[in-house]
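Reading through the structure tokens given below for one structure.
In this chain, numbering begins with 1 at the start of the sequence shown. Both counts, for ligands and for their atoms, begin at 1 and track the order of listing.
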Amino acid sequence: MADQRAGRAHWASRFGFVLAAAGSAIGLGNIWKFPYITGQNGGGAFVLVYLGCIVVVGLPIMMAEFLIGRHGQRDAVGSFVALEGKGSPWCLVGWGGVAASFIVLSFYAVVAGWSFDYVVKSAMGTFPGRSAGEINALFGGLVSSPLQVVFWQGFFVAATVSIVLGGIRGGIERWSKVLMPVLFMLLVLLFVRGMLSPGAGAALDFMFRPDFGRLTPQALLDALGHAFFTLSLGAGTMITYGSYLHPKSDLFSLSVRITVLDTLVALLSGLAIFSVVFAAGLEPAAGPGLVFQTIPIVFASLPFGSLLAFVFFVLLAFAALSSSISMLEVSVAYLIDEKGWGRKRSTFLIGSLAFLVGLPSALSFNVWAQVTPLFGKTFFDLMDVLVSSYMFPLGGLFVALYAGWFWKGEGEKEELLGGRHRAWLFPLWHFLLRYVAPSAVLLILLNQIGVF
Ligand code: PHE
């Protein structure tokens with residue numbers, strides 16, 4: 001076991017860890033999902049609730065997940081076993097994380113696959129010279145073809161598998177150092193371009209002028225769920241990554257950095273996208289196609305547009321990849337640590353299963369578009385709602401309850417947080433974790449199921 005544990009300690013440096021964890025957090029959630037659910041939920045008020053959830057619920061829970069992983073020194077399930085003993089009900093929290101990260105991988109690969117298709121489209125110079133309407137229609141053409149969608153979904157799962165197979169340090173860690181900053185710069189470029197366009201005022205207005213009349217129970221749940229989704233919480237991911245942490249690292253400043261970067265990327269993407277939406281007279285509530293239908297329009301009008309579009313979609317695919325490897329790693333680490341399996345066998349098995357389980361989601365945009373087994377939702381939407389609205393928030397709720405109330409050893413927690421240097425930090429963190437985060441999650445969930 002000790003050897004295996006040494007074998008999975010990928011992050012040689014603290015920097016490597018920040019990259020990995022930020023890579024996990026920053027992904028399709030920021031660039032694809034945040035803008036489209038903001039559009040569907042009417043903008044400003046939704047954004048405000050989302051930001052509130054990030055600060056008072058997400059950040060403290062992220063610190064708790066890192067603590068649990070670092071202290072447990074094992075995968076998401078094993079860390080609870082290490083802390084509470086085998087058979088403790090808390091191990092279920094780890095299990096929930098393993099299940100949730102597996103399910104999210106299954107449908108995440110579908111959307112990530114689209115970004116690969118857009119890499120090819122932009123390399124072939126598909127966008128320049130086309131009208132906004134034509135670019136819009138390209139997306140429909142892609143998702144209505146089951147063959148194309150499944151091909152790219154498989155391609156993406158295979159890419160994820162190949163990285164997790166080879167260990168993460170040499171591949172993703174090295175590339176992240178170059179690609180994440182480039183992604184960030186391109187987003188800033190898109191943002192500036194958007195702010196100079198005629199849609200800028202409307203975009204700022206839409207995102208930052210709250211209209212609380214539009215806050216439905218659904219919007220509250222979406223905002224909360226997305227805070228977990230975007231920070232990769234309640235999914236066992238940050239517990240698993242935390243278990244690779246150096247014992248002395250300053251969890252608070254690491255978590256703050258990851259959270260700030262993640263939020264910044266989401267806001268920049270949102271503003272960039274909505275300025276195009278409003279300038280081109282598109283529909284903010286267009287749904288999952290939003291980023292694919294809008295960003296190419298900006299590039300089509302820029303010098304070197306094809307090249308920039310190409311770089312953008314490569315980076316989007318890369319951002320998705322650095323998130324998907326963290327999803328796969330949760331189950332793989334579980335099989336390695338708890339079942340004594342090899343990395344190769346675990347990775348192939350989980351990768352293949354995730355592909356198969358993802359097929360109904362891939363078909364939800366074409367041949368099974370009319371198949372709505374529950375609540376009038378397609379498989380894709382059901383999977384998304386299941387993990388984002390329920391499994392992640394519930395996982396996070398139990399992490400908060402565990403770390404806030406049940407995990408004894410105050411001194412230990414305080415020291416682990418580096419509390420000696422910041423006297424205010426531990427009590428504040430504890431308060432948020434004990435009272436604020438659990439009540440927020442519970443209120444929003446109960447509100448959604450119509451208790452109030
Ligand atoms: N945080 C990732 C994103 O925003 C998604 C993710 C969820 C990753 C859960 C890992 C676990 O795209």
In terms of atom number and element, which parts of ligand 1 are under 4.0 angstrom from non-hydrogen atoms of [X]?
X      : value
Phe392 : 9 (C)
Asn30  : 4 (O)
Ala235 : 9 (C), 11 (C)
Gly27  : 3 (C), 4 (O), 12 (O)
Thr237 : 10 (C), 11 (C)
Ala25  : 1 (N), 2 (C), 3 (C), 4 (O)

Nearest protein heavy-atom contact for [atom]: which residue, which atom, what distance?
atom                    : value
atom 5 (C) of ligand 1  : Phe229 O, 3.5 Å
atom 2 (C) of ligand 1  : Ser24 O, 3.2 Å
atom 10 (C) of ligand 1 : Ser232 OG, 3.4 Å

Please confirm whether [X] comes under 4.0 Å of ligand 1, counting heavy atoms of the residue only.
X      : result
Trp32  : no
Ser326 : yes
Tyr108 : yes

Check whether the ring centres of [X] and [Y] lie less than 6.0 Å apart, and answer yes or no.
X      : Y      : value
Trp405 : Tyr435 : yes
Tyr402 : Phe80  : yes
Trp32  : Tyr36  : yes
Trp114 : Phe139 : yes
Phe379 : Phe107 : no

- Under 30°, 30 to 60°, or over 60°: which ring-plane class applies to Phe229 and His226, parallel, tilted or perpendicular?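 Phe229 vs His226 ring planes: parallel.
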
- Task: Identify whether NZ of Lys or CZ of Arg in Lys121 sits under 6.0 Å from the centre of the six-membered ring of Phe313 and within 45° of that ring's axis.
- Result: no

- Message: Distance alone, cut at 3.5 Å: any donor-acceptor contact between the side chains of Asp250 and Ser253?
- Response: yes

